[in-house]
**Student:** 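Dumping the structure here so I can ask a few things about it.
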Number of protein chains: 4
Amino acid sequence: MMMNEGKLKILQAAREIIVEQGIKGTTLRGIAERAGFSTGAIYHYYTSKEAILYDVMDEGLGEVKRIETVSQDDQKEAAVIIQEIYEGMQERFQKDAESRLQFYLAHEAMIGNEDIQQKFKVKYEDWITRIEAIFVRAYGVKQGPMTRAVATWTMAGIDGMVLQTLLRTGTIEPEYTNRVLHYLLTEGFPHFFQLICSKEMDRE
Amino acid sequence: MMMNEGKLKILQAAREIIVEQGIKGTTLRGIAERAGFSTGAIYHYYTSKEAILYDVMDEGLGEVKRIETVSQDDQKEAAVIIQEIYEGMQERFQKDAESRLQFYLAHEAMIGNEDIQQKFKVKYEDWITRIEAIFVRAYGVKQGPMTRAVATWTMAGIDGMVLQTLLRTGTIEPEYTNRVLHYLLTEGFPHFFQLICSKEMDRE
Amino acid sequence: MMMNEGKLKILQAAREIIVEQGIKGTTLRGIAERAGFSTGAIYHYYTSKEAILYDVMDEGLGEVKRIETVSQDDQKEAAVIIQEIYEGMQERFQKDAESRLQFYLAHEAMIGNEDIQQKFKVKYEDWITRIEAIFVRAYGVKQGPMTRAVATWTMAGIDGMVLQTLLRTGTIEPEYTNRVLHYLLTEGFPHFFQLICSKEMDRE
Amino acid sequence: MMMNEGKLKILQAAREIIVEQGIKGTTLRGIAERAGFSTGAIYHYYTSKEAILYDVMDEGLGEVKRIETVSQDDQKEAAVIIQEIYEGMQERFQKDAESRLQFYLAHEAMIGNEDIQQKFKVKYEDWITRIEAIFVRAYGVKQGPMTRAVATWTMAGIDGMVLQTLLRTGTIEPEYTNRVLHYLLTEGFPHFFQLICSKEMDRE
DNA sequence: GATGAATGAGTATTCATTCAT
DNA sequence: AATGAATGAATACTCATTCAT
């Protein structure tokens with residue numbers, strides 16, 4: 001998707017304003033001003049405000065990696081991989097602006113924008129698949145509905161923690177939740193998969 | 001808090017419109033029309049739109065129990081308690097409209113509404129404390145930062161799953177995520193607390 | 001003009017609010033509340049807000065004496081009479097609320113309310129006539145266009161000083177303006193009338 | 001201060017409506033219509049109705065000289081100077097629209113608009129200072145609290161006469177009040193200052 | 001392409017007035 | 001008489017969109 005300089009400026013401006021003011025507080029004039037255009041000029045690049053928001057969402061969801069693909073270096077031990085994902089999540093919690101944009105877009109999607117809903121579906125599939133792949137490699141388990149389910153809950157847990165961070169609920173020190181996360185990744189999940197495997201075997 | 005019929009009609013109308021259109025799309029005129037009032041009549045019950053939204057939120061967050069307080073019947077076995085909380089969560093995932101309202105309010109809180117932010121803070125504290133209490137009783141562990149941390153993650157997981165539900169990501173069948181939830185509650189968490197306890201002892 | 005208790009309460013309330021908030025800020029509901037009535041009840045006493053304002057003006061202008069009629073005690077010396085009028089004016093400058101009401105009504109009259117304009121005309125005639133009478137008696141001059149003109153300027157000066165007081169211009173200490181007023185009344189005006197009289201005689 | 005055509009149109013429209021209907025009756029829609037704009041267009045020039053009124057006042061009070069600065073031509077005799085100020089006042093009484101605007105603004109200031117109140121304070125100081133300077137030069141007296149006090153009363157008298165004119169009290173023919181004004185300026189005030197000076201000397 | 005003035009429908013809010021009770 | 005809920009037109013203000021230049 002070729003995108004000229006003007007469009008990029010507009011998108012960047014829109015993203016910034018959405019993060020600062022929310023979609024409700026994002027006006028065309030505000031976007032134009034921040035992008036360095038006149039209000040009228042915007043219409044040379046986009047036919048409507050709606051169109052801009054659509055592209056913001058498109059780009060916004062596209063850019064976010066959330067969970068980086070773990071390097072395909074097979075030599076790495078499980079512990080290293082887990083450490084990497086742990087640090088990745090930690091980093092995720094810091095990215096306030098990006099998370100904010102994400103939740104604002106989710107909000108828009110919920111209101112009924114089906115295009116965005118479809119994009120979210122694809123994105124979540126991608127994110128969860130990546131997490132699942134990491135688990136499969138790190139824990140040496142067979143990929144299947146249960147690995148997917150664990151990955152889904154992991155994704156959900158991250159979303160929920162980010163939400164609490166954005167809402168500034170401050171109900172607990174990160175120190176403790178991090179220890180839980182670390183334990184889950186290094187000991188809880190492995191143990192969990194063992195239980196499942198043995199159960200599955202029991203069934204067989 | 002006595003609440004007359006007019007206020008109830010207005011709140012109900014506001015709630016419905018928020019769920020359908022989001023807070024952005026919720027106009028006073030819309031509320032008035034759906035409540036069967038003229039625009040001016042609204043002001044007999046509420047001094048501003050802000051005040052209506054505040055009440056919607058107050059009621060909205062107040063009504064939602066999310067995790068029911070576990071009955072104080074000490075005779076119950078851990079398994080029964082866990083089953084109760086499991087079913088409570090299941091039920092939670094069904095309440096689409098209520099969840100939607102919750103996320104819209106969260107959105108508003110993020111944009112900067114400090115009243116709502118404060119409410120959320122209080123609510124999350126309450127919810128998490130309840131979950132923690134259940135864990136303490138069910139698993140027979142001592143209450144402390146780690147029980148709180150686990151409760152916080154549980155809350156986060158639920159939020160994240162509700163979000164995925166509302167976004168209709170449909171990345172996995174509920175059957176599997178439910179099994180993960182069930183395992184976590186019945187075996188994962190107990191084992192997890194054991195690990196922590198033994199670690200704590202090692203330290204000593 | 002018989003006036004029942006309800007009407008009096010309403011008028012008093014209206015007067016107070018006008019003084020505090022101006023006519024613009026005077027609402028029927030506000031009047032009703034302060035008068036201890038329901039909004040609807042007002043309409044048993046007055047057919048419209050306009051009618052209330054009209055009565056406020058009627059009463060308002062009627063009550064104000066501005067320059068009290070000097071007692072008709074002929075024994076008094078000029079100096080005493082002048083002292084009385086001087087003190088009357090001093091007192092006038094203190095009556096902030098009453099002055100305020102007066103200027104608000106004048107404002108309304110200027111906007112085009114002809115009834116009020118007529119009332120003001122009558123009132124000013126009355127006020128000026130009183131001042132003139134005092135001058136005639138105190139200075140022992142013959143009543144005529146010139147005594148009237150001096151009285152008119154005196155009235156104007158008082159109005160202007162009250163206006164500056166209400167506007168809080170604070171351009172000078174009352175001490176000095178009072179001395180000017182005192183000199184004018186005790187020496188300036190007598191001298192002034194002498195000059196005129198001699199001029200008039202010159203003409204003859 | 002560059003002021004484009006649109007702003008000027010709006011100010012002119014606002015001024016006219018204020019004079020016709022008072023500030024209370026001055027609506028944005030009314031201004032827009034008379035200025036030949038749509039309601040929204042107004043906001044390209046002014047950020048609020050408040051801002052328009054502020055500019056009206058700023059211009060309104062700024063333009064009004066009331067008492068022109070007497071030419072600094074030292075050759076002029078006292079009589080000439082006094083004649084000039086006398087004619088200036090005469091002219092003042094004619095400017096109905098301008099005076100009306102002034103009283104409407106004063107009304108607004110009294111209601112509590114602190115910006116306008118401040119402007120009035122500055123303006124009155126300026127006006128009175130000018131009158132005082134004229135007196136000092138014309139009568140050859142030393143500037144001090146008493147010259148200021150006389151100037152203040154002169155200003156007050158003018159205001160009061162303008163008020164009576166606007167209210168159409170018509171209690172006396174201008175012929176007579178003008179004669180009083182003329183006598184005051186040419187003989188009353190000089191004599192008055194003599195009296196004061198001699199009194200001051202008596203004290204010493 | 002670019003500008004920014006102009007549009008007009010839409011928003012929350014106010015308030016004199018009405019009317020069923 | 002009295003209430004106060006209800007009305008609806010009016011108010012200031014916003015903003016996506018258009019269009020002459």
Side-chain angles (χ1 to χ4, degrees), chain A residues 4-6 14 24-33 35-53, chain B residues 4-7 9-10 23-33 35-53, chain C residues 4-6 10 14 21 24-33 35-53, chain D residues 4-7 9-10 23-33 35-53:
Chain A
N4 61 41
E5 202 191 341
K24 174 178 157 182
T26 301
T27 69
L28 248 212
R29 186 157 302 159
I31 295 172
E33 255 170 42
F37 286 114
S38 65
T39 56
I42 297 288
Y43 286 85
H44 285 291
Y45 300 99
Y46 283 100
T47 57
S48 71
K49 185 192 177 187
E50 188 85 351
I52 296 173
L53 292 182
Chain B
N4 58 41
E5 202 191 341
K7 272 193 165 186
K9 269 193 213 159
I10 291 168
I23 286 180
K24 168 184 162 179
T26 302
T27 70
L28 252 216
R29 186 168 306 161
I31 294 173
E33 259 170 38
F37 287 118
S38 65
T39 58
I42 299 291
Y43 288 85
H44 276 286
Y45 302 98
Y46 284 100
T47 56
S48 69
K49 184 189 175 187
E50 184 95 347
I52 297 174
L53 294 182
Chain C
N4 61 41
E5 201 190 343
I10 291 170
Q21 328 254 4
K24 173 177 157 184
T26 301
T27 70
L28 249 212
R29 187 157 302 159
I31 294 173
E33 256 170 42
F37 286 114
S38 66
T39 56
I42 298 288
Y43 286 85
H44 284 290
Y45 300 99
Y46 283 100
T47 58
S48 71
K49 184 190 177 186
E50 189 86 350
I52 296 174
L53 292 183
Chain D
N4 58 44
E5 202 191 341
K7 272 194 165 184
K9 270 193 211 160
I10 291 169
I23 285 180
K24 168 184 162 180
T26 302
T27 69
L28 252 215
R29 185 168 307 161
I31 295 173
E33 259 168 39
F37 287 118
S38 65
T39 58
I42 299 291
Y43 288 85
H44 277 286
Y45 301 99
Y46 283 100
T47 57
S48 69
K49 184 190 175 185
E50 184 96 347
I52 296 174
L53 293 182

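Letters A, B, ... are given to chains in the order of the sequence lines, protein chains preceding strands, and every chain is numbered from 1.
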**Student:** Would you mind reading off the distance between Phe37(B) atom CZ and dG4(F) atom P, rounded to a whole angstrom?
**Tutor:** 16 Å

**Student:** For DNA chain F, what dot-bracket results from Watson-Crick or G-U pairs at under 3.5 Å, with [ ] for crossers and | for inter-strand partners?
**Tutor:** .||||||||||||||||||||

**Student:** With a 4.0 Å cutoff (strictly under), does any side-chain N or O of Ser38(D) reach OP1 or OP2 of dT7(E)?
**Tutor:** yes

**Student:** What is the separation between atom CD1 on Ile42(B) and atom P on dA6(F), rounded to the nearest whole Å?
**Tutor:**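 Rounded to whole Å, this separation is 10 Å.
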
**Student:** Using a cut-off of 4.0 Å between protein heavy atoms and nucleotide atoms, how would you tag nucleotides 13-21 of chain E 5' to 3' with B, S and -?
**Tutor:** BBSBBB---

**Student:** Measure the distance from CD on Glu33(D) to C1' on dT7(E) and round it to the nearest whole Å.
**Tutor:** 14 Å

**Student:** Look up atom CD1 in Ile42(C) and atom CD in Glu33(C), then write down how far apart they are to the nearest 0.5 Å.
**Tutor:** 10.5 Å

**Student:** If I compare all heavy atoms of Ala32(A) with all of Ser38(A), which pair ends up nearest, and what's the gap?
**Tutor:**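 Nearest pair, atom of Ala32(A) first, then Ser38(A): CB-O, 3.8 Å.
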
**Student:** Heavy atoms only: give me the nearest Tyr45(D)-Lys7(D) pair and the separation to one decimal.
**Tutor:**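 Here Tyr45(D) and Lys7(D) meet closest at O-CE, 3.2 Å.
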
**Student:** For Lys7(D) and dA5(E), what is the distance between atoms NZ and C1' respectively, to the nearest whole Å?
**Tutor:**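 So the two atoms are 14 Å apart, to the nearest Å.
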
**Student:** Under 4.0 Å from OP1 or OP2 of dA12(F): is there any side-chain N or O of Tyr46(D) that close?
**Tutor:** no

**Student:** Considering all heavy atoms of both residues, which atom of Thr39(C) and which atom of Arg29(C) are nearest to each other, and what is their separation?
**Tutor:** CG2-NE, 3.6 Å

**Student:** Contact between Ile52(A) and Thr26(A) at the side-chain level, heavy atoms closer than 4.5 Å - yes or no?
**Tutor:**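 No, too far: nothing below the 4.5 Å cut-off.
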
**Student:** Could you tell me whether the side chain of Tyr46(C) reaches within less than 4.5 Å of the side chain of Leu28(C), counting heavy atoms only?
**Tutor:**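 No - every pair of side-chain heavy atoms lies 4.5 Å or more apart.
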
**Student:** Could you give the distance from NZ (Lys49(A)) to OG1 (Thr27(A)), rounded to the nearest 0.5 Å?
**Tutor:**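 Spacing of NZ (Lys49(A)) from OG1 (Thr27(A)) equals 7.0 Å.
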
